[in-house]
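FYI, side chains are in, hydrogens and waters are out, and symmetry mates aren't considered; it's all heavy atoms of this structure. Chain naming here is simple, since letters A, B, ... match the order of the sequence lines and numbering starts at 1 in each.
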Amino acid sequence: MELSAKYNPAETEDKWYAWWLENKFFHSEPDGREPYTIVIPPPNVTGILHMGHVLNNTLNDVLVRKARMDGKNACWVPGTDHASIATESKVVAKLKEQGISKEDITREEFLRHAWEWKEKHGGIILSQLRKLGASCDWDRTRFTMDPDLSKAVINTFVYFYNKGYIYRGVRMVNWDPVGLTAVSDEEVIHRDTTSKFYHLRYFISDGNGNPTSDFLTIATTRPETIMADAAICVNPADERYHWLRGKKVLIPLINKEIPVIEDSYVEMDFGTGCLKVTPAHDVNDYEIGLRHNLPVLDIIDDHGRLNEKARILVGEDRFEARHKIEKMLADAGNLVKVEDYTSPVGYSERTNAVIEPRLSMQWFLKMDALAKDALESVESGKVRLIPDKYRNTYRHWMENVHDWCISRQLWWGQQIPAYYLPDGKYVVAPTAEEALELARKTDPQITAADLKQDEDVLDTWFSSWLWPISVFDPEMPGQPDHQPNRDLAYYYPTNDLVTGPDILFFWVARMIMAGNEFMKDIPFRNVYLTGIVRDKLGRKMSKTLGNSPDPLDLIAKYGADGVRLGMLLCTSAGNDILFDESQVEQGRNFCNKIWNAFRLVSLWKTDEKAVQPEAAATAVRWFRNRLDEALGIMEDHYSKFRLSDALMGIYKLFWDDFCAWYLELVKPAYGAGIDKATYDATIGFFDSLLKMIHPFMPFITEELWHNLAPRGEKETIMLQRMPVAGKYDKGIISDFTMAEEAVVAVRAIRQQKNISPKEPLGLRIYGEFPKDVLPAVIRLANIGSVEYPEGTEVSGAEIPFMVRTVKMAVPAEGLVDTAKEKEKLEADLKYQEEFLTIVRRKLSNEKFVNGAPEKVVAAERKKEADAISKIESIKASLAALG
RNA sequence: GGGAGCAUAGCUCAGUUGGUUCAGAGCGUCUGCCUUACAAGCAGAGGGUCGGGGGUUCGACUCCCUCUGCUCCCACCA
């Protein structure tokens, strides 16, 4: 078969993926083997593949494929997240394009549109993952709003409600005026934002609502909220303001009278020391308001506009109002000054709208007990975070956790199972029927029509925190009497979770909580936290910057294997990835290298009569040992989740050791046959190498593995066992390294002296060079004859070099530049002598000899002996040069 | 404001309890090669006061202090 000199991934990748699917190689069912389980971090159902997904899922796939080849029953469960706020806003936008407003349709109609949209456009990302080679068990694909998963969410709510962990109340929440919903603390991103600091003058009231000439000055960043002021507050220790005690002041523009109060919360040296207290629109002010029993006046509506309670600027957007009120205050003589000011402002993670702290009725889940257990799971090491540094962050969060606001004013999601009675009381039950039963206990007259279900849905994370449980057995969460089904009992807890540190709290911590609560066990043992994918300038990849390549374009251009390798090459856990297309190019080039190595081997014809050349025997013996060494190192890297190190080790094993040294040594002369022993060994090595590479580059390895030897119809490399590291002889590897050094030295001489590689050279060895590897030197350095001259004389017509402590030389009559050689030798001598001095200084230091471990001292003595022998050799060479 | 982390070759990063000739790897760079698997390649070479300063130690890239620069997380000073 004639093979192209270039590997063409497009031809092979789709073919093999389809074949894998057809044969259900990714599918897992519980059996007697040890399970290895990963649940996918479910991407948004509306999502499309970006580089972050590529990183995450490539890592996942490497782990899963490795486990599968280790003989474990590997199961990678895929699926998507309904992502309530993100999806709902997409559907709203889509409807708007069709001229439909969400306000004009019913909840049922909206949900019908949303589901329609989901069926049509949702889950694109899952098909994109196939392009990448992800070996997910697609038969187990789940969606967080699948009916049974939704049921699990509802049961969970009822469970925690009955346990007393869920409560409803008016609290200050983070209101997103664009998404029109409350969001949790974790969904608020604080960013330093430049704004203005307005100094406003409030006149003291004469007691009848009329201004006196006395005034105080407050400083605020939000002058548009003054109409909602409930008091002015100063620190009780602030003597400057003792004269204000018992006074009332007038809110500018509306002349409303409010009291002056004292609270130690106020910092005397910040601003003017006078704080306007606006309980409805600031978290701290709300707290002060509670302490001082202040009225709460909410002057901002859902959309962030001033409402009629503001009395002025009604209907204006909060930022527009701020702008206008500045002028009004100035005109009224209340504006003292305006300063530039930078302060942290909260933004909605999803919509990027400025969060409005706002009082509203929401549902909360108590976190203290859950957080305590979840902290313990990590502190005890039951759940391992990789890298370890995230433990600190995790602890800090768990120790300072707030109750979780779980209600969202949206329609897309699981509707809260609370049912209101006509008198305003409510009951919580999994279904309307059960709710009715409950309600009738208080009032037997109640009918189904009297009950009204809560309008809100639950936070998306309130469903995804069940993911590692509910994908296997949705009956489990919230039902303590339920026994885990066969799948859950077998696959739980999962082994590894690969995800980004940005959702450590959103998701990882909460899964640990749910696991502890419902399974009495952790959900996963290892959490591998990836970095963020950035461009090569270190900028976060984003649509607006346009610096994010489309993974599918990359796959089309370089192949999925190339993309996977390019991603993995620069990955270490917890560190950001500076991604550059050149890395993918490197991945593609590696594919090509493997391809061409195969091409070479595939052209060989065995010759039964051929005898194994010495060089080939040397190579086979060496590579067998080298392979075992490399396998051990690879396993060690895997065990520490150092996947890019594992990959780089294999990369070099293949490219340098196998191609550059081994194949060059065993390669038969053009047209000649190859002996069977060498051929079989080579095929065996190639087979092992392909298996080692397979988790990283599944497609090309499957392709070549099938070409390497005849395979059965259902045989796949992905279900072969990973070679196991055997014992190896360090001496053989070390001796071969000497051969490599000798070859490199001779090649360097050829380059310097302009001697063609085709011209055989002589080799003189003055000392003990390992005989076993000499054939390798002869072959690769193109040595015509080897001499072992007596003594250490050097004629001056040869070019010497050292391999460790063995002096060797290439005879080069007429090519030796005596002066230059002398210069080189003298420089070398100087270095060795200085080195010897340092070593001897150490050895003559009693504290060192007595204090350092014997091993270290012995090593120093060896250094000393080696240096002495080298110095002798160099001196002899110099003497011979004259 | 609180906390965590990072700084090693032109770039991206390893360097695991302080001690093997430990100053490394990959990429890039330079030089020579279209050598019958591969120019997406082969062969060879150069390149770093381990951010600055101080300390501990027989010995420091490694431990401690400090300064500088960067990153991330958390956070209610209006």
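In terms of the ring pair (Phe, Tyr, Trp, His ring centres under 6.0 Å) criterion, residue partners of A:Tyr341 (sequence neighbours excluded) are, by chain and number, A:Phe197. Annotation: side-chain hydrogen bond (donor to acceptor under 3.5 Å, both in side chains) contacts of A:Glu664 (sequence neighbours excluded): A:Lys667. Shown here are the side-chain hydrogen bond (donor to acceptor under 3.5 Å, both in side chains) partners of A:Arg358, two or more places apart in sequence or in another chain: A:Asp302. With sequence neighbours excluded, no residue forms a ring pair (Phe, Tyr, Trp, His ring centres under 6.0 Å) with A:Tyr394. A:Gln752 pairs by the side-chain hydrogen bond (donor to acceptor under 3.5 Å, both in side chains) definition with nothing, not counting sequence neighbours. Considering only residues two or more places apart in sequence or on other chains, A:Tyr651 meets the side chain to side chain contact (heavy atoms under 4.5 Å, CB included) condition with A:Gln586, A:Phe590, A:Met648, A:Trp655. Residues satisfying the ring pair (Phe, Tyr, Trp, His ring centres under 6.0 Å) criterion with A:Trp595, sequence neighbours excluded, are A:Tyr7. For A:Lys652, the side-chain hydrogen bond (donor to acceptor under 3.5 Å, both in side chains) test picks out no residue, with sequence neighbours left out.
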Problem set entry | Dot-bracket encoding of pairs in RNA chain B, which uses [ ] for pseudoknotted crossings and | for another strand, Watson-Crick or G-U under 3.5 angstrom | (((((((..((((.....[....)))).(((((.......))))).....(((((..]....))))))))))))....

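Within the structure, salt bridge (Lys or Arg N to Asp or Glu O under 4.0 Å) contacts touching residues 225-234 of chain A (residues at least two apart or in different chains) are A:Asp229-A:Lys276.
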For this session: Using a 4.0 Å cut-off on protein heavy atoms (strictly under), produce a 5'-to-3' string for nucleotides 30-43 of chain B with B for base contact, S for backbone-only sugar-phosphate contact, and - for none.
Result: -B----BBB-BSSB

Seminar exercise, completed: Readout for nucleotides 1-12 of chain B: B = base within 4.0 Å of protein heavy atom, S = sugar-phosphate only, - = neither; 5' to 3' it is ---SS------S

